[in-house]
Amino acid sequence: MKKKSKDLFNNIKKYLKKVKNEHLIKAYIKENPLFLTYIIVNIFNSTILRFYTINSLENYLAIKPIIADLAVIIILGSFGFLFKSRSKYRYFMVFTIIFTATCMINSVYYTFYTSYASFSMLSLTQFLGPVGDAVVQNVIQAKDLIFLLAPIILAFVNYKLKKKGIYKKIEFKQARKKNALKALIFGVILSCIFIISLTSLEIGRFTKQWNKEYVVMRFGIYVYQINDAITSLEPKINSMFGLDKALKEFEDYYQERSENENYPATNEYTDILKGKNILVIHAESLQTVALNTSFNNQEVTPVINKLAKEGLYFSNYYSQVSVGTSSDAELTFTTSLMPTQSGTAFVSYFDRKYIGLPKIMSDNGYYTFSMHGNNADFWNRRVMHEKLGYQRFYSKKDYDVTTENTIGLGISDKAFFHQSVEKIEKIAKENSKFYGQLITLTNHTPFADVDKYGEFDVDIKESTVEEDGSVGEVTYPYMEGTKLGNYFKSVHYADSALGEFLDELDSKGLLENTAIIIYGDHDARLPEKDYVRLYNYDKETDSIKSKEDPTYQEFGSYQYELNRKVPFIIWTKDKKYNKEITNVMGMYDAMPTLLNMLGIEKNKYALGHDIFSIKDNNIVVFANGNWVTNKIYYNSQKSAYLSLNINEEIEEDYIQNNTEYATKLLEVSNNLIVYDLIKNEEEKQNALNNPKEGS
Ligand code: GP9
Ligand code: MN
């Protein structure tokens, strides 16, 4: 093995020497002017595109996208060598036109939408509609014409070469296959270098493909677009087979549910929010653990704790997200459906029919809107928010985002809330009722902007009295410097931003007839070892207690899962309804629970339940097949469970029935989205009601 790598190393060394001594690079340039021009012009275009669109120093210095672009250009170009001169030129020209079009379309698209183009959006008339004529007048700018230089230069070089009669000479010299292979190998080597350099975060973002700026900045525009083409096909392929079976299962499922589930249709909470304005706070990464934690008698979330005490606080509430994190939380909250099994509903299945809470609200006379200080295209919200029924989406371009008011991913929660108040005030003046959602941003992983969160001690501080009577302070190094510690600082900031928001709303009289609904969108994916420290730190010895210590608090994988719960709070200024609801509840129960409170008919496709009707009989199904009830947390991968009530015996039937329930629910939910079954059902009903139209 050693000898082999030594030989390889020697061979490479020899080859490089040969390249140097025999001026092989010079010779290659001389012999392949057309190929090299093809490479240079297309690299130029992709680099210019990135400079036009992503305005950051990190991008200007980035080498990775250049390597990726080069690899794509060279690999695709290498096959051009297989053709004779004229066809070879045509081959390079075709790809140059494709690459140029890719860059130009993306540049134009970016000017319009601050995001990159996607094949999956081609079916959306929205893009073609407003862009259509406007593109020519407003969007295509002089700067975009620069991309056209690529084919022009290639044509010019070809013309010059032809004139010099160089083609014939080269053709005569070159063995076409050998040259193609050489270029191909070089392209493959570049690809390998690129792949080896990738981090797991980069690979993760690449497969999800929703954070387009990130993907383009790391992978270059050509790889982005190829990946986009493939992922855009996936939902189409998924829905091509099995429709009949899926439809039958879907119909049977809802039929059975309506026959077997006899929970009361009304309860003491029916209509309590009827006619009220609704403001939903989608609180980024807000976990219940933050509400239950204090340092030196200072609560991490004093504002939210107060709201929880004064309102309805669902303290055993779980998010049910999959890889679509924030967007999955929005999906499940507003439709009572589960995330899809592959891809994400917001990105891969945006063109399906959904019954969204905002749409129901607007049908009931509410003005509906959503607000988020990030790019509208993150998680494809621009498209999906309209689909879910928000009449207006205020995104980054509606906010004044500056370097001063930026924390972490973008506009700080304080600035975001502050700027949202005047928008809400205007909405309240112009509409009799409103339903709005505000998505926060600051409390997003990696919680690294610690300096900007403001003072909040996560170490233990105790005052001491010296012998001479003077008072001092001693610090025990507890959570400072840990990710969980930083998280608490970040949540503390987010909590105070929410407090300022409510105060401002109140000062403008906007809380009088408004219910504030808060949910944590998902957990913050914090390290298990930080929780072990949080619960088992011994300040006397400055170490983690031993497991033998009777006060040691077990924190393994089950505790971790249970600890992922997020708060759900419904608060009104009059504090009329205040209670802690401890029954287990999932994000998919929010819609049925809220519709009952709003006095609006339930959505028959909802997978969750009104918690006040189902009470302690509830089950929360997770996207990976795990489930939790008041009795147990069941891990379907390990076929094992943790009992939540030691005194109760769990029967085998209980596990089997609930596991079947979970599996069926996930399958129906996934099929409903993938096969667009709500639309299918509606079309069927329409055809039955209007038999003539169909004929
Ligand atoms: C993006 C923000 C974060 O705008 O909502 O999304 P996440 O990373 O939590 O899915
Ligand atoms: Mn999120």
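Note that ligands are numbered from 1 as they come in the structure, with each ligand's atoms numbered from 1 the same way. Because the structure is predicted, anything quoted here is derived from the model rather than measured. By convention here, the first residue in the shown sequence is residue 1.
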Atom name in Asp521, limited to N/O/S, at shortest distance from the Mn ion (ligand 2): OD2
Under 3.5 Å: N/O of Thr440 near N/O of ligand 1: no
Ring geometry between Tyr399 and Phe416 (parallel below 30°, tilted from 30 to 60°, perpendicular above 60°): tilted
Evaluation steps, salt bridge (charged side-chain N to carboxylate O under 4.0 Å, His left out), between Lys309 and Glu580: CA-CA 8 Å; Lys309 242 178 249 136; Glu580 181 178 340; over 6 Å; no
Sole candidate of Phe194, Tyr224, Phe219 that passes ring pair (Phe, Tyr, Trp, His ring centres under 6.0 Å) when paired with Phe206: Phe219
Trace of the salt bridge (charged side-chain N to carboxylate O under 4.0 Å, His left out) decision for Glu202 with Lys64: CA-CA 11 Å; Glu202 285 167 346; Lys64 273 190 187 177; 2.8 Å; yes
Subset of ligand 1 atoms that lie under 4.0 Å from at least one heavy atom of His522: 9 (O)
The Mn ion (ligand 2) to nearest N/O/S of Ser326 below 2.8 Å: yes
Of the N, O or S atoms in Glu284, the one nearest the Mn ion (ligand 2): OE1
Backbone or side-chain N or O of Ser326 under 3.5 Å from ligand 1 N or O: yes
side-chain hydrogen bond (donor to acceptor under 3.5 Å, both in side chains) between Glu500 and His418, worked out: CA-CA 8 Å; Glu500 286 180 13; His418 177 67; over 6 Å; no
Within-shell test, Arg381 vs ligand 1, heavy atom, strictly < 4.0 Å: yes
Steps toward salt bridge (charged side-chain N to carboxylate O under 4.0 Å, His left out) verdict (Arg382, Asp377): CA-CA 6 Å; Arg382 185 174 53 78; Asp377 274 297; 3.4 Å; yes
Short N/O/S contact of His522 with the Mn ion (ligand 2) (below 2.8 Å): yes
Ligand-side contact atoms (ligand 1) for residue partner His444, heavy atom cut-off under 4.0 Å: 3 (C), 6 (O), 7 (P), 8 (O), 9 (O)
Distance filter under 4.0 Å to Asn374 heavy atoms, resulting ligand 1 atoms: 1 (C), 4 (O)
Sub-4.0 Å atoms of ligand 1 with respect to non-hydrogen atoms of Phe378: 1 (C), 4 (O)
Salt bridge (charged side-chain N to carboxylate O under 4.0 Å, His left out) assessment of Glu58 paired with Arg218: CA-CA 10 Å; Glu58 198 191 345; Arg218 305 301 200 284; 3.5 Å; yes
Glu284 vs Thr442 side-chain heavy atoms within contact, under 4.5 Å: no
Atoms in ligand 1 with a heavy atom of Thr325 nearer than 4.0 Å: 7 (P), 10 (O)
